[in-house]
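Working notes for the structure below.
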Amino acid sequence: MDEERISQAELIERLHKCMAGERVVVVTAEARYPARVQHVGATGLKVIPEPELEGSHGAPGDLEGHVVSFGDVESLELDGVRYLREQ
């Protein structure tokens with residue numbers, strides 16, 4: 001997978017265009033974890049952490065995600081490219 005460093009503004013622009021299921025890495029003061037996008041909103045994303053998805057065999061929609069701000073997203077995997085936020 002190719003990697004590309006992009007600005008925070010460009011990462012947010014790409015996040016607005018992504019679909020449910022895309023992989024992101026979220027970094028907060030408490031944790032750093034991979035997650036899947038459930039929904040993109042105006043000010044942030046609703047994500048489901050990947051550890052919660054492992055072993056889940058319920059009906060679609062049975063897992064409830066949580067909201068993170070765009071600023072908490074460190075990277076986005078989209079169309080075979082990992083977009084990393086510039087530090």
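Hydrophobic clustering (ILVMFWY, side-chain heavy atoms < 4.5 Å, transitive): Val27 and Ile48 are in distinct clusters. Under a hydrophobic-cluster definition in which Ile, Leu, Val, Met, Phe, Trp and Tyr are linked whenever side-chain heavy atoms come within less than 4.5 Å, directly or via other members, Leu84 and Val37 are assigned to different clusters. Taken together through direct or relayed side-chain contacts under 4.5 Å among Ile, Leu, Val, Met, Phe, Trp and Tyr, Leu76 and Val81 form part of one hydrophobic cluster. Cluster annotation: Val25 is not connected to Ile6 through the hydrophobic network of ILVMFWY side chains, with a link wherever side-chain heavy atoms come within less than 4.5 Å.
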For Val40 and Cys18, what are the C-alpha separation, side-chain angles and deciding distance, and is it a side-chain contact (heavy atoms from CB on, under 4.5 Å)? CA-CA 8 Å; Val40 179; Cys18 75; 3.9 Å; yes
Pair Glu50-Arg36, side-chain contact (heavy atoms from CB on, under 4.5 Å): steps then yes or no: CA-CA 7 Å; Glu50 285 186 348; Arg36 297 292 176 154; 2.9 Å; yes
Evaluation steps, side-chain contact (heavy atoms from CB on, under 4.5 Å), between Val47 and Val24: CA-CA 9 Å; Val47 299; Val24 294; 4.2 Å; yes
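Annotation: the span from Glu13 atom CD to Leu15 atom CG amounts to 10.0 Å, rounded to 0.5 Å. To the nearest 0.5 Å, atoms CE (Met1) and CG (Asp79) are separated by 9.5 Å. Note that the CZ atom of Phe70 and the CG atom of Leu11 stand 9.5 Å from one another [nearest 0.5 Å]. For the atom pair CD (Glu77) and CZ (Arg82), the distance works out to 4.5 Å, reported to the nearest 0.5 Å. Here the CZ-OG distance, from Arg23 to Ser75, works out to 7.0 Å after rounding to the nearest 0.5 Å. From Glu4, atom CD reaches atom OH of Tyr83 across 5.5 Å, with rounding to the nearest 0.5 Å.
For the pair Arg85 (side chain) and Ala9 (backbone), a donor-acceptor distance under 3.5 Å is absent. Under a 3.5 Å cut-off, the side chain of Gln38 and the backbone N or O of Gly65 do form a donor-acceptor pair.
Ionic pairing of Arg5 and Glu86 is not present here: no N-O contact between side-chain nitrogen and carboxylate oxygen is shorter than 4.0 angstrom. Ion pair Glu74/Arg32 flagged as a salt bridge, since at least one NZ, NE, NH1 or NH2 atom sits closer than 4.0 Å to an Asp/Glu carboxylate oxygen.
No more than 12 heavy atoms of other residues, nucleotides or ligands lie within 6.0 Å of NE2 in His39, so this atom counts as exposed by the packing criterion.
Heavy atoms only, all atoms of each residue included: Ala35 and Pro49 are closest at CB-CA, 3.8 Å.
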